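Worksheet for the structure shown next.
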Number of protein chains: 2
Amino acid sequence: MNAQPTDASIDTRQRLIEAAILTFAEKGFDGAGIREIALRAKANSALVTYHFSGKEGLYLEALRYIFARKACRVAELATAPALEGPEARKDAIQRLKDHIRAFMQDLMACDPLDPQDPLGEAAMALMAREMQAPRATSSALLMEQIRPHVDHLMQCLQVLRPDLSWGDLLNMGMSIQGQLLYFRNSLGIARLIRSNPNYPEDLEEVIRHFTDFSLRGLGIPEAFPQPRN
Amino acid sequence: MNAQPTDASIDTRQRLIEAAILTFAEKGFDGAGIREIALRAKANSALVTYHFSGKEGLYLEALRYIFARKACRVAELATAPALEGPEARKDAIQRLKDHIRAFMQDLMACDPLDPQDPLGEAAMALMAREMQAPRATSSALLMEQIRPHVDHLMQCLQVLRPDLSWGDLLNMGMSIQGQLLYFRNSLGIARLIRSNPNYPEDLEEVIRHFTDFSLRGLGIPEAFPQPRN
DNA sequence: TCAAGAATTAATCAATCGTTTGAACCAGTC
DNA sequence: GACTGGTTCAAACGATTGATTAATTCTTGA
């Protein structure tokens with residue numbers, strides 16, 4: 001009379017999801033096969049339909065799995081109260097700095113060179129694929145996940161540049177976010193160009209660069225520690 | 001006794017290639033089928049093997065076709081002579097502006113002379129897919145295409161910020177290039193966020209933003225038309 | 001006009017795709 | 001031990017994949 005999922009089945013589900021993340025990230029949705037994923041998870045391919053009602057369902061669960069465990073630092077920031085009072089502007093600058101740091105730390109939380117966590121890179125690669133060519137069934141899922149981060153960033157920008165239109169502010173946000181994500185997605189090339197397989201050796205230095213570049217690009221007077229010349 | 005290709009066959013080849021660009025851009029390499037491509041080109045699917053010796057060959061030819069006729073603006077710039085003389089700094093700023101405009105126009109393939117070219121957008125979407133997840137057989141082709149553009153950008157940055165180390169300059173280049181490529185790679189999400197499937201409606205406005213943001217971020221005094229406040 | 005080669009076609013190939021099936025397995029409950 | 005419901009499995013399903021075949025059409029130089 002028991003209708004509860006078994007511990008063992010939860011294990012199988014998780015193995016399938018993690019194998020799916022790895023395989024989907026490597027080959028894309030169409031390139032990855034059910035049998036290949038199941039083999040990787042040491043499970044039977046029929047279980048994909050049984051547990052997730054098909055390949056598409058497994059893909060969505062893989063995305064949810066990523067969202068549930070990643071991007072936790074930025075998520076914390078997004079719960080901050082509204083910016084108000086005389087200190088609003090100063091707070092906004094600090095909050096923007098925190099946002100960049102948190103986002104970078106989330107992005108790098110799982111280094112692709114780190115053998116401990118191959119899931120990290122795969123998850124980011126899958127996210128990148130999904131952002132570039134959102135699937136019809138998953139774009140809503142992606143949007144609701146990203147929305148709070150966008151809102152948090154935009155809230156800061158709005159305080160810092162109240163003179164700009166919403167479209168211009170979105171452009172600013174896009175430039176800032178773009179630097180960070182591109183940095184993560186092109187780490188391999190960057191390491192080759194610099195002939196330094198360990199780049200970045202000091203993440204703080206990169207965070208400082210992105211912070212300075214973004215604040216200057218944003219056009220905030222107090223953030224111009226004039227370039228040395 | 002004639003062993004020359006027919007005019008008609010060249011036509012068929014071109015129709016297949018262009019249909020391939022459209023379809024590969026929409027669905028990716030694995031998602032697109034040769035029957036679908038052939039149907040779009042109003043040709044027989046067996047001709048894919050006959051003319052290109054297979055699907056992979058058609059894909060490579062599609063990439064070559066793009067390289068041969070698109071992305072020419074940045075390629076032209078990359079042939080410019082070295083920056084010298086008293087005007088070097090002014091020239092470098094202009095050259096950087098031209099680089100951003102040319103790169104953006106190449107990315108979006110919005111040719112004022114050739115408006116509404118569905119092939120252009122598809123071609124760049126295909127490139128974006130390829131840059132994010134390079135296929136083993138085509139990554140070399142892609143690299144040799146991109147390298148000159150990177151070199152050209154770095155040359156400008158070196159003149160504009162001679163006080164910076166090479167590593168810092170690479171960071172600057174990464175920030176600038178990152179904005180542009182991320183913009184292209186995340187068009188899908190950007191359109192969702194803005195609830196505007198036609199974004200960007202005015203490419204010049206986006207180019208202006210990226211130029212301003214980059215020059216300010218770069219920390220060039222003469223590029224600070226102080227933000228209105 | 002006619003043979004030769006290039007180009008195109010419909011039909012078919014083996015392989016693989018995601019999914020379905022039906023039986024087995026493995027807890028627990030009576 | 002019989003029963004139940006969740007879980008797993010090997011086998012097979014129909015559909016579709018890229019590739020191939022052999023016959024046909026088209027083009028062209030002799």
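Quick note on labels: first sequence line is chain A, next is B, and so on, each numbered from 1. Bear in mind the structure is a predicted one, so any value in this text is a computation, not a measurement. The figures that follow rest on heavy atoms only: side chains count, while hydrogens, waters and symmetry mates do not.
Pairing each heavy atom of A:R40 with each of A:A19, the nearest pair is CB-CB, 3.9 Å.
In this structure, a donor-acceptor pair under 3.5 Å is present between the side chains of A:E56 and A:T137.
A sub-4.0 Å separation between OP1 or OP2 of C:dT8 and a side-chain N or O of B:H51 is present. Taking only side-chain nitrogens and oxygens, B:N44 never comes nearer than 4.0 Å to OP1 or OP2 of C:dA7. Neither OP1 nor OP2 of C:dG18 sits under 4.0 Å from any side-chain N or O of A:S45.
Nucleic acid contact class of A:A32 (heavy atoms, under 4.0 Å, all strands): sugar-phosphate only.
Between B:F210 and B:F183, the ring-plane angle classifies as perpendicular under the 30° and 60° cut-offs. Using the six-membered ring where Trp is involved, B:H209 and B:F213 have ring planes that are tilted, between 30° and 60° apart.
Residues B:R13 and B:R35 both approach DNA chain C. Their nearest nucleotides, taken by heavy-atom distance, put B:R13 toward the 5′ side.
Here the nucleotide nearest the side chain of B:Y50, chosen from C:dA6, C:dG18, D:dT17, is C:dA6. Out of D:dG18, D:dT20, D:dC9, the shortest distance to the side chain of A:A46 is found at D:dC9.
As rounded to whole Å, 18 Å separates atom P of D:dT24 from atom CG of B:L47. Rounded to whole angstrom, the span from the CZ atom of A:F52 across to the P atom of D:dT7 amounts to 11 Å.
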